[in-house]
Protein chains: 2
Amino acid sequence: MLVGAASWGIDSMTGTMPDSAIRPRKEFGKTIAADITHRLREEIITCALAPGEPLRFDVLRERFGASFTTLREALTALAAEGLVDAQEQRGYRVAPVSRRDLVEVTDARVLIEVELIRRSIERGDDDWEIAVISTLHRLKRIEQRDPEHPLRDPEWKIAHRQFHQALVSACGSATLLAIRAELFDRAERYRHLSANFRPRPRDKAGEHQAIMQAAIARNPDLAVQLIETHIRTTADNVAAYAGHLLDTE
Amino acid sequence: MLVGAASWGIDSMTGTMPDSAIRPRKEFGKTIAADITHRLREEIITCALAPGEPLRFDVLRERFGASFTTLREALTALAAEGLVDAQEQRGYRVAPVSRRDLVEVTDARVLIEVELIRRSIERGDDDWEIAVISTLHRLKRIEQRDPEHPLRDPEWKIAHRQFHQALVSACGSATLLAIRAELFDRAERYRHLSANFRPRPRDKAGEHQAIMQAAIARNPDLAVQLIETHIRTTADNVAAYAGHLLDTE
DNA sequence: AAGGATATGATTTTCGAAAATATAGGCGGG
DNA sequence: CCCGCCTATATTTTCGAAAATCATATCCTT
């Protein structure tokens, strides 16, 4: 899903509040459809809904307490984002995963993220620097507090997402940012897929620190190289630890 | 809208049949929602529905003969593609146009199309060469037959789209092809916007011919340079001839 | 027993009414 | 006279029933 002007793309950045908490039927100002889109997206990204799993309306209806139509609207939106697979006249299912798709998403992310980092470094102002530094700081704080299995911690996820978002936020193109956000979500699903099998997370803290420094130092070539390595090694890890889940198709 | 695997992206390539013709309520095998999505997309791209125009359900209901829900699903999908702007609780409207958006779309197209051309030239096989040559041939035939105002001719539009699609079709990434297709649609809307004011179309035939030759000759640097110029001069023409329509916002 | 048509059940897809929300116009108070 | 509140209307959003479609099992024919 691309974006008209700069409308949604953002909402996938706001993270999610724990479903266990007492929550209003829908968040303020949002339609039920938008809320369900958001909740479904989270469940798919975190693999609470497994790749390839059929999404039957009866089940969803009970789980989310919305009607056919509302659910259908949410599924349509997610299909446009590539997280749901629409099979005409035969319903929806969680988008399947595959080695090939992982490679495509990784390549596309590198292509776009590299460009956006360059533009951000060139155009970023003081506010941008502050955003990059502060989001990294928060991320590190969370990592210190609980250094194991960061993906399990929703707070780490949000902070991680916001740091990477901050890095490219000054690029000046809402269009490309929206594309980037979608690819980020699709990649994050693969990270979750492998998180359960990865014995121990590698030291991402150092990588993030280095990326931040290169960005603030306005060294585009170094920043780009670090980001590309960051993205590709993450994908390689997924392929290594979740490889057995990628050949189902 | 991005794509899950490789599902839709294609359908925006199939063109449209004249609405005046006697057509079945929906095309074979498609849901009504998918059909309406397709028809609405065409009307937005061709500016039959003007940029910024509100899309009220009563009006759409009469025009397309579908119910609220079905229309809503179509609008959701188009919002994900960036052709429709969803204003929470306040309905939908055709995505507005602006100079800034035109620049963003153009830049994004260059970034992605350039990469895909490179990959296609590197990976394209005999079938790819044949597709490139034959789609260009058809395009030239149509241009000879009726050399004025090509955008008015639906056949030219389809042929033009298919030629550019063929050029990048061997890139190997359904993900990037889907992104490219969306950006192409958004750019085509701007072309339509200026078509009514452009005194005479420039000689695109020569440019297409040169691009084809560079591609078949496996000269990526030249092909990339030609494509970039092609995209940017088209956008410049839009800005020049439809500039007065881009400052409404 | 194999193949194919048909009936049955499960599931998706569509519809229009009803509820929720926004917009516009009028009324009263400052 | 202008501003804010309140009511009336217009519009969107949601719902569950009904229609359409697909999947499965059964039965008939060869």
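By convention in this document, chain letters (A, B, ...) are assigned in the order of the sequence lines, proteins followed by strands, and residues within each chain are numbered from 1. Note that these values count all heavy atoms, side chains included, but never hydrogens, waters or copies made by symmetry.
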A:Y92 near the nucleic acid: base, sugar-phosphate alone, or nothing, with a heavy-atom cut-off under 4.0 Å? sugar-phosphate

Euclidean distance, atom CG of residue B:L71 to atom C1' of D:dT14 [Å, nearest integer]: 15 Å

In whole angstroms, the gap separating P of C:dT13 from CD of A:E73 amounts to 15 Å

Rounded at 0.5 Å granularity, tell me how far OH in A:Y92 sits from CG in A:L40. 12.0 Å

Could you check whether B:E104 pairs with B:R100 (Lys NZ or Arg NE/NH1/NH2 to Asp/Glu carboxylate O, under 4.0 Å)? yes

Please determine, by modelled atom types, if B:R186 and A:T175 share a side-chain donor-acceptor pair under 3.5 angstrom. yes

Name the nucleic acid region contacted by B:T70, choosing base, sugar-phosphate or nothing; use a 4.0 angstrom heavy-atom cut-off, strictly under. sugar-phosphate

Should the pair B:H244 and B:F197 be assigned to parallel (<30°), tilted (30 to 60°) or perpendicular (>60°) ring geometry? perpendicular

Closest approach to the side chain of B:F68, judged atom by atom: which nucleotide of C:dT13, C:dT14, D:dT13 is it? D:dT13

Mind checking whether A:W156 and A:H160 have parallel, tilted or perpendicular rings, split at 30° and 60°? parallel

Over all strands shown, is A:L55 touching base, sugar-phosphate only, or nothing at heavy-atom distances under 4.0 angstrom? sugar-phosphate

Nearest of D:dT14, C:dT13, D:dT11 to any side-chain atom of A:R72? C:dT13

Which nucleotide in the list C:dT11, D:dC15, D:dT12 gets nearest to the side chain of A:R56? C:dT11

When you check the phosphate oxygens OP1 and OP2 of C:dT23, does a side-chain N or O of B:R90 lie under 4.0 Å from one of them? yes

Ignoring backbone atoms, establish whether B:R61 has a side-chain N or O less than 4.0 Å from OP1 or OP2 of C:dG16. yes

Calculate the interatomic distance between B:K30 atom NZ and D:dA20 atom C1'; express it in whole Å. 19 Å

Over how many whole Å does the gap from A:D58 atom CG to C:dT13 atom P extend? 13 Å

Whole-Å distance between C:dA22 P and B:F57 CZ? 15 Å

For B:E88 and C:dA22, what is the distance between atoms CD and P respectively, to the nearest whole Å? 10 Å

